Protein chains: 2
Amino acid sequence: MARRPTIKDIARRAGVSESAVSFALNGRPGVSEETRARIRRVAEELGWQPNSAARALSGERAGVVGLVLARPAHTLGVESFFLQLVSGVQEVLGAARTALLFQVVEDLDAECALYRRWWAERRVDGVLVVDPRTRDPRPGLLAGLGLPAVTVGEARPAPALSSVRADDARAMAQILDHLHGLGHRRIVHVAGLPELAHTARRIASLRAEAQRRGLRPQEVRSVPTDYSDTEGAAATRRVLNEPAPPTALVYDNDVMAVAGAGVAAELGIPVPGRLSLVAWDDSALCRVTHPRLTALVRDTAAFGRLAAEELLAVLGGGQPRVRLAEQPRLEPRESTAPPPPAY
Amino acid sequence: MARRPTIKDIARRAGVSESAVSFALNGRPGVSEETRARIRRVAEELGWQPNSAARALSGERAGVVGLVLARPAHTLGVESFFLQLVSGVQEVLGAARTALLFQVVEDLDAECALYRRWWAERRVDGVLVVDPRTRDPRPGLLAGLGLPAVTVGEARPAPALSSVRADDARAMAQILDHLHGLGHRRIVHVAGLPELAHTARRIASLRAEAQRRGLRPQEVRSVPTDYSDTEGAAATRRVLNEPAPPTALVYDNDVMAVAGAGVAAELGIPVPGRLSLVAWDDSALCRVTHPRLTALVRDTAAFGRLAAEELLAVLGGGQPRVRLAEQPRLEPRESTAPPPPAY
DNA sequence: GCCCCGAACTAAACCGCATTAGTTCCGGCC
DNA sequence: GGCCGGAACTAATGCGGTTTAGTTCGGGGC
């Protein structure tokens, strides 16, 4: 096991003091250019990297940001959203030599406890808060602790926090444009968890858009689920068995959309002949069903990059602000068509 | 922003020296039981948590382990395997107050570079190595650095490393038992990346099992893919268009299996009437298709727990060893049936 | 020729904890 | 009564950096 070189090794080898090494490698004044170059060369030779603990201890940043995912274990994994987001986050963090502490916990209480612990342990410089809720204890907690944070998907964060989010209202309007334009008048939105802020925004937007078009609440409405394939399928079955079933369904994620397509197949309802389907979020799933699903395509990795950039900006002392993600695009595929004339 | 309490604060408040506090809170001798209790109480009141950087700096563990996922960004996310694994890993790590540094990188070179950096920065105490390959530079590198590691999915790791893995050979035998028992004689295994060690094991096992049953290589064989829905679909289309197409297909992951089911539907080939499908790894996906897919069910979270336990054991000074995951179970659903009599 | 100043560098303190080397005090023993 | 030993505690050191407070030295100004 090789020994890790320290600045002491560099200092000895370059014939200078340890402080000179520190100055040289951090680009501060106090050493001549020749010395700086020499020290740099030696550090390079030795393959030196600053000990992250020592750095963190002497007041610098820890070089770590945290991301907690509070979800029951069994709902994990099928959705493409998270790994995409995380991969975008890391593109930006990696370039800034910042690591990502990632943790999956069972619920919101555990998440809050974890923030407290991370703060007390000085383990992270800041956190990305995902799945913001309508009444969310986290922004207040983080603001109180003074732990820098960026909420991902929140419209009105606590004043002290930055936020990045998508324009869900406009996206929903886009979907309604598409379906209404095709002639659909009875539309059900199979929504995700209603406590989540973005779900609430989508539901509100659906209602507003419907009203704007003179459609009544019994014709166009949202039904809540927990995002799982099971509840997505159950909700689909329920609304399709109503006396005047919808002619179009909008799903809040790809997994439920695929599950819904399965239910339609099982009930013998042709898609898009008698039923149109739209998925919010695209992924391989939407392209492997038959017919392929019309989907709202978002660049989730770009969203992650935006979030990471914003967090780094906050860590660098920037002012908190709200940034909007690039507008998603509706990709029409074979699962949407005009409703049957009979209706 | 509240100030984080340190042992100095505790010492002052409890009227003892800092060392007494350290002794008391770490359960070592040198303080009386009353004093220990008092110090514990004060620490509790103040909400003290050890500063992770200071701990790491004074020779203790950093309390962090790393996990690097080397995959091009676009192949991320649809598979359920990883988040499940990670959630299992964290159940165990969380209990041991150990954090997980998680990073997504583009390729193996970047992964190796990251291990070097983490090692030099003393950022992690150990790492979990996933996606082991047939000729893998990582175990050698890690052994050379002296960075404790557990490979997840490797049969014969470098002698210095621990490993947890599944018994792919027996699982494959199980699948062949099922299909052969139903009467299938022409079977294609749509495999994942051939460089991955577990893919190689599955391919070898398929060949061995076929031979044992007197089936020829042109009847029972593996075709490689990159795990994506695209290649899974392409491979399916290719083999189904052959003069003597297989009557059963075994897919190395759930995403490809669902994509394959889509291709069969598109080609008008009834499942399971003329074609049986098996997915390696179960997930919501396998239950939303029609028919639902027969799948090899593994407890991936348990696999993650096993890996984390083993890594903690290694960090605690345990001997390197190889541990087998619980045997997976084949869950027959509607996608497998006897082949058509004509064949 | 002396003084002052800034550039270039070194010494030392500090971050928060673990740990080793003392120190104090008390009781038991001869 | 003096000595020894152990329990209970304190002081001091180190981990590997950053940073502040010196120190040295050479050159320019008067």
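So that the names make sense, note that chain A is the first sequence line, chain B the second, and so on, each numbered from 1. Please read these numbers as outputs of a predicted model, since none were measured by experiment.
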Just to be sure I understand the rule, does A/V16 reach a base, reach only the sugar-phosphate, or reach nothing, if contact means heavy atoms closer than 4.0 Å? sugar-phosphate
Can you check the B/W119 CH2 to D/dG16 P distance for me, whole Å? 12 Å
Choose from D/dT18, D/dT10, C/dA18 the nucleotide whose nearest atom is closest to any side-chain atom of A/N26. D/dT18
Just checking B/R40: does its CZ atom have more than 12 heavy atoms from other residues, nucleotides or ligands closer to it than 6.0 angstrom? yes
Heavy-atom donor-acceptor pair, A/D125 side chain to A/G63 backbone, under 3.5 Å: yes
Out of C/dC17, C/dA18, C/dT19, minimum distance to the side chain of B/I7 belongs to C/dC17
Between P of C/dC17 and CD1 of B/I39, the distance in whole Å: 13 Å
Using every non-hydrogen atom in the two residues, find where B/R165 and B/E154 come nearest and quote the distance to one decimal. CD-O, 3.3 Å
Assign B/S19 to base, sugar-phosphate, or nothing according to its heavy-atom contacts below 4.0 angstrom with the strands shown. base
Distance, rounded to the nearest Å, where B/L25 contributes CG and C/dG16 contributes P: 16 Å
Between B/T35 and D/dC9, is there a side-chain N or O to OP1/OP2 distance below 4.0 Å? yes
Any salt bridge between B/E33 and B/R36, counting N to O under 4.0 Å? yes
Rounded to the nearest angstrom, tell me the gap between atom CZ in A/R61 and atom C1' in D/dG17. 16 Å
Ignoring hydrogens and angles, tell me if any N or O in the side chain of B/S162 forms a donor-acceptor pair with the backbone of B/R321 under 3.5 Å. yes
Tell me whether A/E45 at atom CD has more than 12 heavy atoms from other residues, nucleotides or ligands lying less than 6.0 Å away. yes
Minimum-distance nucleotide to B/K8 side chain [options: C/dC15, C/dC17, C/dT10]: C/dC15
D/dG17, D/dT20, C/dC17: which one has an atom nearest the side-chain heavy atoms of A/F23? D/dT20
Nearest whole Å is fine: how far is C/dA18 C1' from B/R28 CZ? 8 Å
Just compare D/dG17, C/dT10, C/dG16 and give me whichever is closest to any side-chain atom of A/S17. C/dT10
Is B/N51 close enough to C/dC15 that one of its side-chain N or O atoms is under 4.0 Å from OP1 or OP2 there? no
Please report, rounded to the nearest Å, how far the C1' atom of D/dC15 is from the CD atom of B/E121. 17 Å
Please work out if A/G59 contacts a base, only the sugar-phosphate, or nothing of the nucleic acid, heavy-atom cut-off 4.0 Å. nothing
Length of the CG-P vector between B/L57 and C/dC15, whole Å: 14 Å
Side-chain N or O of A/W48 closer than 4.0 Å to phosphate OP1/OP2 of D/dG16: no
Would you mind telling me which residue lines up with the more 5' stretch of DNA chain C, A/V31 or B/R55, judged by nearest nucleotide? A/V31
Touch check for B/S22, heavy atoms < 4.0 angstrom, all strands: base, sugar-phosphate only, or nothing? base
How many Å lie between CD on B/E18 and P on C/dA18, as a whole number? 11 Å
